[in-house]
Undergrad: 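Below you'll find the structure I mean.
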Amino acid sequence: MKLLAIDCAANLCAACVYDAAAGKELGRSVFDLGKGHAEHLMAVIDEALKTGGTDYAGVGAIAVSTGPGSFTGLRVGVSAARGLALALNIRAIGVTTLEALAAQAKETFPGRAVLAALDAGRDEIHAALYDEESVLRYGPAVTTLSQAVAMAVDLSPVLAGTAATQIAASAGRAFDIGPTSAKPQAGFILSRKKAGKNT
């Protein structure tokens, strides 16, 4: 099965195609634009499909980032995923930005707990903690920097997300740092798909 993942949660307007049977990414298109996701998303998806050597008829499921992130971008991404899923009679699967960050961090640091954290502004942080088996142990929740630092110091996880370096600096010690921004990867949605979690 080929899976299409799309992400409009932040500055990126992005899509990728993943071959579940082969376990590899086939194609990707990423446009760093800040705003204007609605105007560019379908062209980005078309480019990812073209690069992946497939078309809409070849897609078996769609994954979409459900945030945290830009409200406008999220609305565009989720609306597109739902529309395509209905038109193609396939499933749409919601994946949080924090899940995506944790999954990417696990690729570099397998077998490690991951604290995925995004700077939400006003001294708030969106955070989720995943254990060594990728089981969610905390969040997703809005927390304070001091609470996130306390979690990091106590558990020594890999830090990922836009708040990773901020947490490490506030803790005054070194941490392994994973990705600071989520990329549109489809590999991490397989567990969600098997669990039947749809948007």
Side-chain angles (χ1 to χ4, degrees), residues 1-7 9-10 14 16-26 28 60-69 74 77-78 81 91-120 124-168 170-171 173-199:
M1 176 189 291
K2 292 184 178 69
L3 307 173
L4 172 66
I6 61 178
D7 184 6
C16 85
V17 178
Y18 182 84
D19 187 329
K24 67 177 183 179
E25 184 180 294
L26 301 178
R28 147 187 322 251
I62 298 173
V64 60
S65 174
T66 58
L74 291 172
V78 170
R91 291 198 300 167
I93 305 159
V95 180
T96 72
T97 306
L98 297 170
E99 283 179 281
L101 284 164
Q104 288 174 243
K106 289 280 189 180
E107 292 178 358
T108 306
F109 301 97
R112 296 279 306 282
V114 177
L115 176 61
L118 298 170
D119 186 352
E124 292 183 333
I125 290 176
H126 294 290
L129 177 68
Y130 299 85
D131 69 13
E132 294 81 0
E133 303 299 322
S134 298
V135 175
L136 180 64
R137 295 300 181 188
Y138 172 82
V142 176
T143 188
T144 64
L145 175 60
S146 61
Q147 290 170 322
V149 168
M151 236 186 308
V153 169
D154 185 44
L155 301 168
S156 296
V158 175
L159 302 179
T162 58
T165 54
Q166 184 182 7
I167 291 169
S170 294
R173 53 165 283 197
F175 287 89
D176 289 322
I177 304 290
T180 55
S181 62
K183 298 290 188 279
Q185 300 188 142
F188 62 82
I189 71 174
L190 293 178
S191 61
R192 300 275 295 180
K193 177 179 157 317
K194 290 174 182 174
K197 297 180 180 178
N198 298 350
T199 57

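Computed from a predicted structure; not experimentally measured.
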Undergrad: First locate atom OG1 of T108, then atom CD1 of I177, and finally report the distance between them rounded to the nearest 0.5 Å.
TA: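 Interatomic distance, T108 OG1 to I177 CD1, rounded to 0.5 Å: 12.0 Å.
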Undergrad: Identify the residue among L145, T144, T162 that makes a side chain to side chain contact (heavy atoms under 4.5 Å, CB included) with I125.
TA: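 Exactly one pass, corresponding to L145.
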Undergrad: Please report the shortest heavy-atom distance between E133 and D131, naming the atom on each side.
TA: N-OD1, 2.8 Å
Undergrad: Taking atom CG of L3 and atom CZ of R91, what is their separation to the nearest 0.5 Å?
TA: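 It comes to 10.0 Å.
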Undergrad: If you look at every heavy atom in T96 and Y130, which pair is closest and at what distance?
TA: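 Looking at all heavy atoms of both residues, the shortest contact is OG1-OH, 4.3 Å.
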Undergrad: Would you confirm whether K2, through its side chain, and A21, through its main-chain N or O, come within 3.5 Å as a donor-acceptor pair?
TA: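 The answer is no, because no donor-acceptor pair under 3.5 Å joins these two groups.
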Undergrad: Can you confirm whether L115 sits close enough to L155 that some side-chain heavy atom of one is under 4.5 Å from a side-chain heavy atom of the other?
TA: no
Undergrad: Checking T143 against Y138 for the side chain to side chain contact (heavy atoms under 4.5 Å, CB included) test, could you report, in this order, the C-alpha distance in whole Å, the side-chain angles of both residues, the deciding distance, and whether it holds?
TA: CA-CA 11 Å; T143 188; Y138 172 82; 3.6 Å; yes
Undergrad: How many angstroms lie between atom OG1 of T180 and atom CG of D119, to the nearest 0.5 angstrom?
TA: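 Reported value, rounded in 0.5 Å steps: 12.0 Å.
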Undergrad: Return the CG to CG distance between D176 and L159, rounded to the nearest 0.5 Å.
TA: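 Output value for this atom pair is 8.5 Å.
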Undergrad: Determine the minimum heavy-atom distance between S156 and R112, stating which atoms define it.
TA: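 What the structure gives for the nearest pair is O-NH2, 3.5 Å.
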Undergrad: Identify the heavy atoms of A148 and I167 that sit nearest to each other, and give their distance.
TA: CB-CD1, 3.8 Å
Undergrad: A side-chain contact here means heavy atoms from C-beta on lying under 4.5 Å apart; do L118 and L101 qualify?
TA: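 The answer is yes; the side chains approach within 4.5 Å.
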Undergrad: Which atoms form the tightest heavy-atom contact between L98 and A128, and what is the distance?
TA: CD1-CB, 3.8 Å
Undergrad: How close do L74 and P68 get, heavy atom to heavy atom, and via which atoms?
TA: CD1-C, 4.4 Å
